[in-house]
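Have a look at the structure below, then the notes.
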Amino acid sequence: AQNYVKRTQDKCPQKEFEAFCRNVVPRGTILDAGCAGGRDCQAFVERGFSVIGADLSAELLKIAERFAPSCRFIQADIRSIPLLEGSVDGVWSCASVLHLERHQIPYVLKEFNRVLKAGAPCCIIVKKGKDLGEENIGDSTTQGRLRFFTYFQEDEIRDLCLAAGFTVLEKSTTNERDEPGPSDRDQDWIFLLLRKT
């Protein structure tokens, strides 16, 4: 957990973060779905939002609680979020749903829609793949331990979001090398800014 946080601490997608923040009501409550070590939670707090960070990893949540002490953290599977219907003003999902199998994605998107208030925004950021692939990868971020990834095409993830009851406000694809912070990976990321209809 410590190694993962250290290697991802400076990788917040700033342009996408700003677009999402502009669409959340002032002082609203944001669910960071897959919050890891709390990097984005703390950034939201600094913008004046209330934050609920959810992650499945108890070790990452311990780090998040120290890094962003004013946030509320819950250990939870994003496929079944322990929050009431219509209870949050925004859902931020940065590089989290991509760790689920493809057939589970529609259920997660519907769960995001369920916890959002009417008209509230949701941000989804996933990896683009050359085909509709899924694989286990071990790299330096996880010290060689395997993590599961699902890769998407723009039209596929957009259509899944539409089917889950969202309107697409913005959609773009950027390469990791073009984002702030050092990176040697030639990886495209798909960004979708959505609104609950």
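Residues: numbered from 1 along the sequence shown.
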Indicate yes or no: at least one non-hydrogen side-chain atom of Lys127 is less than 4.5 angstrom from one of Glu176. no
Quick test of your reading of the model: are Glu59 and Lys62 salt-bridged, counting only N-O distances below 4.0 Å? yes
Can you confirm if the NZ or CZ of Lys171 lies within 45° of the ring axis of Phe191 and under 6.0 Å from the centre of its six-membered ring? no
Under the side-chain contact (heavy atoms from CB on, under 4.5 Å) criterion, do Leu193 and Val168 qualify, and how do the steps go? CA-CA 6 Å; Leu193 180 62; Val168 178; over 6 Å; no
Would you say that Ile52 contacts Ile74 through its side chain, given a criterion of any heavy-atom pair below 4.5 Å between the two side chains? yes
For Cys41, is there any backbone N or O sitting under 3.5 Å from a side-chain donor or acceptor partner on Glu46? no
Within this structure, what is the OG1-NE2 distance for the pair Thr150 and His103, rounded to the nearest 0.5 Å? 9.0 Å
Counting N and O atoms only, with roles assigned by atom type, does the side chain of Gln75 sit under 3.5 Å from a partner on the main chain of Leu56, one being a donor and the other an acceptor? yes
Single-linkage hydrophobic cluster Ile105~Leu162, side-chain heavy atoms < 4.5 angstrom: yes
I'd like to check Cys122 versus Leu116 (side-chain heavy atoms, cut-off strictly below 4.5 Å). Are they in contact? yes
For a quick test of reading the model, state the closest non-hydrogen atom pair linking Pro69 to Gln42 and the distance between them. CD-OE1, 4.5 Å
Answer whether the closest heavy-atom distance between the side chains of Cys94 and Asp40 falls below 4.5 Å. yes
I'd like to know whether Leu100 forms a side-chain contact (heavy atoms from CB on, under 4.5 Å) with Val108, so could you lay out the CA-CA distance, the side-chain angles of the two residues, the decisive distance to 0.1 Å, and finally the verdict. CA-CA 9 Å; Leu100 299 171; Val108 174; 3.2 Å; yes
Would you call Arg195 and Glu170 a salt bridge, using N to O less than 4.0 angstrom? no
What's the shortest heavy-atom distance between Phe44 and Ile30, and which atoms? CD2-CD1, 3.5 Å
Run the side-chain contact (heavy atoms from CB on, under 4.5 Å) test on Leu192 and Cys123 for me, step by step, so that the C-alpha distance in whole Å, both residues' side-chain angles and the decisive distance to 0.1 Å come before the verdict. CA-CA 6 Å; Leu192 284 166; Cys123 174; over 6 Å; no
Can you find a heavy atom in the side chain of Ile125 that is under 4.5 Å from one in the side chain of Val97? no
Could you go step by step and tell me if Arg158 and Ile190 meet the side-chain contact (heavy atoms from CB on, under 4.5 Å) rule? CA-CA 10 Å; Arg158 179 204 62 204; Ile190 301 167; over 6 Å; no
Pairing of Glu111 and Arg114 as salt bridge, 4.0 angstrom limit: yes
Gap separating the CZ atom of Phe73 from the CG atom of Asp32, nearest 0.5 angstrom: 8.0 Å
Residue pair Tyr151 / Lys128, side-chain heavy-atom distance below 4.5 Å: no
At what distance, to the nearest 0.5 angstrom, does CD1 of Ile63 lie from SG of Cys35? 10.5 Å
Val45 and Cys71 have their tightest heavy-atom pair at CG2-SG, 3.3 Å
Rounded at 0.5 Å granularity, tell me how far CD in Glu156 sits from SG in Cys161. 10.0 Å
Output yes when a side-chain donor or acceptor of Asn113 lies under 3.5 Å from a complementary backbone atom of Ala164, and no otherwise. yes
Backbone of Thr29 reached by a side-chain donor or acceptor of Asp89 within 3.5 Å: yes
For residues Ile124 and Phe166, determine if any side-chain heavy atom of one lies less than 4.5 Å from a side-chain heavy atom of the other. no
Taking every non-hydrogen atom, the tightest pair across Val24 and Pro121: CG2-CG, 3.7 Å
Does Thr167 use its side chain to pair, donor to acceptor, with the backbone of Thr197 at less than 3.5 Å? no
Using a strict cut-off of less than 4.0 Å between a Lys/Arg side-chain nitrogen and an Asp/Glu carboxylate oxygen, indicate whether Arg102 and Glu134 qualify as a salt bridge. yes
When rounded to the nearest 0.5 Å, the distance separating OG1 of Thr173 from CD of Gln153 is 9.0 Å
I'd like to know if Tyr107 and Ile78 are part of one continuous hydrophobic network [Ile/Leu/Val/Met/Phe/Trp/Tyr, side-chain heavy atoms within less than 4.5 Å]. no
Report the relative orientation of the aromatic rings in Trp92 and Phe17; use parallel for angles under 30°, tilted for 30 to 60°, perpendicular for over 60°. perpendicular
Should Val126 and Trp189 count as side-chain neighbours, where that means a heavy-atom distance under 4.5 Å? no
Tell me if a side-chain donor or acceptor on Ser96 pairs with a main-chain N or O of Ala33 at a distance below 3.5 Å. yes
Nearest-0.5 Å distance that lies between atom OG in Ser172 and atom CD in Glu16: 5.5 Å
If you compare all heavy atoms of Val88 against all heavy atoms of Val91, which two are closest, and at what distance to 0.1 Å? CG2-CG2, 4.0 Å
Do you know which two heavy atoms are closest between Lys117 and Lys196, and how far apart they sit? O-CD, 3.5 Å
